[in-house]
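Comments concern the structure below.
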Amino acid sequence: MTKIDKYEMLAKQIDALLMGESNKTALLANAAAAIHNEMKFFWTGFYLVDGEELVLGPFQGSVACYRIKKGRGVCGTAWQEDKTIVVPDVEQFPGHIACSSLSRSEIVVPLRGADGKVTGVLDIDSDQLATFDETDAEWLEKIVKIIENKI
């Protein structure tokens, strides 16, 4: 099964999984679990905007940083720049926040509210270098759109 095949199935699964629930925490928790388990990522979760910080939300994986300031690390930068960021080697990203020393590559996708403003980010880490590419970015953005439409 190709990566695209996995993402196509995952997108359908998440769309069905989130149907009928209105609680944001519950929706994000199951979305994180589905993405994490289906794609076998090292860490998968959401950080949610709270003032000028991102605060840890539902996730799957090892313990994580509680708060990230706007513009700091990959998550804070994706929030500030309002764009998906793919990092092949986290050691090469200026200001990377190492919540886990095992994290080697990362992708962060902004989550937007109905007004188009960033309300959080989907953060995914891998314990391998160069795990994420444009295919991941494209499909994770599609999955985030599904999630945005449910919350």
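Count residues from 1 along the sequence.
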#### Entry: D133 side chain vs D136 backbone, donor-acceptor pair below 3.5 Å
yes

### Whether E21 side chain and N23 backbone form a donor-acceptor pair below 3.5 Å
yes

### Query
Tell me the side chain to side chain donor-acceptor pair (under 3.5 Å) pairs involving residues 41-53, sequence neighbours left out?
H36-T44, E53-R67, E53-K69

Would you mind reporting whether [Y] and [X] have side-chain heavy atoms less than 4.5 Å apart?
{"X": "C75", "Y": "L54", "answer": "yes"}
{"X": "F42", "Y": "T131", "answer": "no"}
{"X": "I85", "Y": "I107", "answer": "no"}
{"X": "I35", "Y": "I124", "answer": "yes"}
{"X": "T2", "Y": "Y7", "answer": "no"}
{"X": "P88", "Y": "L129", "answer": "no"}
{"X": "F93", "Y": "T77", "answer": "yes"}
{"X": "W79", "Y": "V49", "answer": "yes"}

### Task
Could you verify whether a donor N or O on one side chain and an acceptor N or O on the other, from Q128 and S105, lie under 3.5 Å apart?
no

Work out which heavy atom in [X] is nearest to a heavy atom in [Y]; give both atom names and the distance.
{"X": "A32", "Y": "P58", "result": "CB-O, 4.1 Å"}
{"X": "A78", "Y": "P110", "result": "O-CG, 3.9 Å"}
{"X": "L56", "Y": "A64", "result": "CD1-CB, 3.9 Å"}

Side-chain polar contacts of residues 142-151 - donor-acceptor pairs under 3.5 angstrom, sequence neighbours left out - could you list them?
unit_1: K142; atom_1: NZ; unit_2: E138; atom_2: OE2; d: 3.3
unit_1: E148; atom_1: OE2; unit_2: R112; atom_2: N; d: 2.7
unit_1: N149; atom_1: ND2; unit_2: K145; atom_2: O; d: 3.2
unit_1: K150; atom_1: NZ; unit_2: D15; atom_2: OD1; d: 3.1

Quick one: pull up [atom1] in [X] and [atom2] in [Y] and give me the separation to the nearest 0.5 Å.
{"X": "L27", "Y": "M19", "atom1": "CG", "atom2": "CE", "result": "11.5 Å"}
{"X": "S103", "Y": "D123", "atom1": "OG", "atom2": "CG", "result": "8.0 Å"}
{"X": "T25", "Y": "F46", "atom1": "OG1", "atom2": "CZ", "result": "11.5 Å"}
{"X": "L122", "Y": "E141", "atom1": "CG", "atom2": "CD", "result": "10.5 Å"}
{"X": "E106", "Y": "D89", "atom1": "CD", "atom2": "CG", "result": "11.5 Å"}

### Test log, rule side chain to side chain contact (heavy atoms under 4.5 Å, CB included), inputs Q13 and E38
CA-CA 10 Å; Q13 177 188 357; E38 291 302 317; 3.2 Å; yes

[Y] reachable from [X] in the ILVMFWY side-chain graph, under 4.5 Å edges:
{"X": "V109", "Y": "L28", "answer": "yes"}
{"X": "I68", "Y": "V87", "answer": "yes"}
{"X": "V108", "Y": "W139", "answer": "no"}
{"X": "I14", "Y": "L140", "answer": "yes"}
{"X": "L48", "Y": "F59", "answer": "no"}

### Query
Residues sharing M1's hydrophobic cluster, by side-chain heavy-atom contacts under 4.5 Å among ILVMFWY, directly or via others?
M9

### Residue K3 excluded, over 12 heavy atoms near NZ under 6.0 Å
yes

